[in-house]
Amino acid sequence: MKKNLRVLMVEDSDEDAELVLRELRRSFEVEFERVQTAEDMTAALDKPWDIIISDYQMPRFSGPAAFNVLKSKGADVPFIIASGTIGEEVAVATMRLGVSDYLLKGKLARLVPAIERELREAESRRARRSLEDQLRQSQKMEAVGRLAGGVAHDFNNLLSVILSYSEMLIGDEGQSEEARADLVEIKAAAERARDLTMQLLAFSRRRVLQPSFVRLNDVVTHAERMLRRLLGEDVELSAQLESELGSTFIDRTQIEQVLVNLVVNARDAMPTGGKLTIETANVDLDDSYAAEHVEVQPGPYVMLAVTDSGTGMDEATRARIFEPFFTTKETGKGTGLGLSTVFGIVKQSGGNIWVYSELGRGTTMKVYFPRIAEKATDSPPPPPIKSLPPRGTETILLVEDEESVRNVAATILKRQGYAVLVAEGGDEALAICARHEAPIHLLLTDVIMPRIGGRELADRLAVLRPATKVLYMSGYTEHAIVHHGVLEPGVQFIEKPIVPDALARRVREVLDG
């Protein structure tokens, strides 16, 4: 089959134009337009062209003038001059302008090879620019992610204080109903703020993951009823699931969040209703695909795709959709963190995301996770049964550099019956260990601290007191205790913001473990 070729011809002679077209049609299916003035050429450049072929000299226009029009539009289209007569000096001058090639109309046998060469080079330039754009976007997202992670870390310390004291005051029997109602509102607002910081941490790839072998079909099937409620009656939902879908090693809760966010985003793109399709498939991404996509490793993947028939996006919007707080929705209708959360979770899970969209025709988002040859777990574990938080009498060494968090954590532990030794940093903690003769049953330490971090402190304490157990707390993953977001074997961890119930239970679990 002949390849399609879109040609813009800058030519005043009917005969010469037909001569060129006859030569092209030997090798291509040609779609063309002919112009003879700068005005007509400027208008024609609004359309996509594969090649421009121009005469050198015309009554009202010229090849060099046409090339200048092309440069002024900023379009990257190969430009070839085909002239009846052209001297060597003129030919050299046109090449210095940046023209792709020149040839004589009487020797058109070289035209097709020249075009094929220029098409290959143009494709290579486009691929290179695409990779450069992807790299710049990746670096931009990494920089924004570091900023977002730092902000979330500081907010989690503040929220630990607000959530913990409000929860303790709500449980205080001496509170009036009016005061308790006010405290409940404070706690609810802090919980919404906590959810936002969790989204920021997800985007910045700073969440601690709890991966297991998962089959995406199970995730879709378990979530389908909830998704139908989210979509409403005016959106038709269909699922096309690969029957022999492979497994992947991911955090199931996080991937459920990815699916929900993609579906909600698709729903919002269909304000008058439409069709939404969820698809899963086994996919092999080859070397050529990886070469065209930054951060993609070739190999076997499982794909989760969400396609809507909504409004679609232009290129400028599509380029920014994963940036935190970027949204096209009205004020108050969204935080702009939904897709940025998806992006962070997918990347931290070793996956990739690809987006295709057309204005007025809808959007497809495809998420790829590495395919693993392991049996998937059939269903998520049941939620724990709630009971009163357990108490204890052991001695706990609490190390936290943020005073307000240190105070509230100490208050929580003392209320649960524990003896608490408090240190502002690693140096002070080691000094306490040196002079405290009785056993220290647990080290509860922040991970990120000045001078001596939590991991270094735990390692040094293990030499002095090998029987002391360790529980790390942080709102931010740190390479000292995680590898690619997954806790190292044997590491015990509680995520900030801390709250009384969760802290009491986690401390008891580690002490009894």
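By the 4.5 Å heavy-atom criterion applied to side chains, R117 and R120 are counted as neighbours. Side-chain contact between V263 and I278: present, with at least one pair of heavy atoms (C-beta onward) separated by less than 4.5 Å. In this structure, L339 and L262 have side chains that are in contact, with non-hydrogen atoms separated by less than 4.5 Å. Between F67 and I81, the closest side-chain pair of non-hydrogen atoms is not below 4.5 Å. Looking at heavy atoms from C-beta onward, T307 lies out of side-chain contact with E279 at the 4.5 angstrom threshold. R128 is listed as a side-chain neighbour of S124, based on a closest heavy-atom distance under 4.5 Å. Annotation: side chain of S474 is in contact with side chain of D446 (closest heavy-atom distance under 4.5 Å). No side-chain heavy atom of N282 sits less than 4.5 Å from a side-chain heavy atom of M303.
Nearest heavy atoms, A109 versus P113: O-CD, 3.4 Å. The nearest pair of heavy atoms linking M41 to A66 is CE-O, 3.2 Å. In this structure, P370 and T248 approach most closely via the heavy-atom pair O-OG1, 2.8 Å. Taking all atoms of both residues into account, the shortest heavy-atom contact from F369 to S349 is CE2-CB, 3.9 Å. Residues P78 and D50 come closest through the heavy atom pair CD-O, 3.3 Å. When all heavy atoms of F32 and R25 are compared, the closest pair comes out as CE2-NH2, 3.8 Å.
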> Can Q57 and S83 be said to form a side-chain contact (heavy atoms from CB on, under 4.5 Å), step by step?
Replying inline: CA-CA 8 Å; Q57 190 64 50; S83 178; over 6 Å; no
>> Before you tell me yes or no, could you show the steps for R110 and D101 under side-chain contact (heavy atoms from CB on, under 4.5 Å), namely the whole-Å CA-CA distance, both residues' side-chain angles and the distance that decides it to 0.1 Å?
In response: CA-CA 10 Å; R110 200 166 65 85; D101 205 347; 3.1 Å; yes
>> Assess the residue pair T363 and V355 against the criterion (side-chain contact (heavy atoms from CB on, under 4.5 Å)); give the C-alpha distance rounded to whole Å, side-chain angles, the decisive distance to 0.1 Å, and a yes or no.
In response: CA-CA 7 Å; T363 299; V355 182; 4.1 Å; yes
> Going through the distances and angles, do E123 and R126 end up as a salt bridge (Lys or Arg N to Asp or Glu O under 4.0 Å)?
Replying inline: CA-CA 5 Å; E123 178 59 32; R126 282 191 291 271; 3.2 Å; yes
> Should F28 and I115 be marked as a side-chain contact (heavy atoms from CB on, under 4.5 Å) after you check the CA-CA gap, both sets of side-chain angles, and the distance that decides it?
Replying inline: CA-CA 11 Å; F28 301 102; I115 290 174; 4.1 Å; yes
>> side chain to side chain donor-acceptor pair (under 3.5 Å), that's the test. Do Q257 and N261 meet it? Break it down for me.
In response: CA-CA 6 Å; Q257 185 67 56; N261 285 10; 2.7 Å; yes
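The distance from atom NZ of K496 to atom CG of L163, rounded to the nearest 0.5 Å, is 13.0 Å. Distance check, rounded to the nearest 0.5 Å: CG of L103 to CG of L111 gives 5.5 Å. Interatomic distance, M58 CE to D16 CG, rounded to the nearest 0.5 Å: 11.0 Å. Summarising the geometry, atom CZ belonging to R192 is positioned 12.0 Å from atom CG belonging to L159; distances are rounded to the nearest 0.5 Å. The structure places CD of E402 at 5.0 Å from CG of N157, a figure rounded to the nearest 0.5 Å. Atoms CD1 and CD, on I52 and E33 in that order, are 11.0 Å from each other to the nearest 0.5 Å.
Using cut-offs of 30° and 60° on the angle between ring planes, the pair Y301 and Y368 is perpendicular.
Of the charged side-chain nitrogens involved, none lies within less than 4.0 Å of a carboxylate oxygen, so that K107 and E23 do not count as a salt-bridged pair. A salt bridge links E315 with R318: the distance from a Lys NZ or Arg NE/NH1/NH2 to an Asp or Glu carboxylate oxygen falls below 4.0 Å. Ionic pairing of R267 and D308 is not present here: no N-O contact between side-chain nitrogen and carboxylate oxygen is shorter than 4.0 angstrom. Ionic pairing of D14 and R34 is present here: one or more N-O contacts between side-chain nitrogen and carboxylate oxygen are shorter than 4.0 angstrom.
Between the R371 side chain and the V283 main chain, a donor and an acceptor come within less than 3.5 Å of each other. Of the possible polar contacts, none joining the S54 side chain to the M9 backbone as a donor-acceptor pair under 3.5 Å is found. Counting only distance, with no hydrogens or angles, the side chain of N217 and the backbone of E242 share a donor-acceptor pair below 3.5 Å. Side chain of R215 to backbone of E244: no donor-acceptor contact under 3.5 angstrom is found.
Under the side chain to side chain contact (heavy atoms under 4.5 Å, CB included) rule, V30 has a single partner from L24, N4, V20, which is L24.
Side-chain contact of D218 with T221: a donor-acceptor pair under 3.5 Å is absent, judged by distance alone.
More than 12 heavy atoms of other residues, nucleotides or ligands lie within 6.0 Å of CD in E116, so this atom counts as buried by the packing criterion. Summarising the local packing, CZ of F155 is surrounded by 12 or fewer heavy atoms from other residues, nucleotides or ligands at distances under 6.0 Å.
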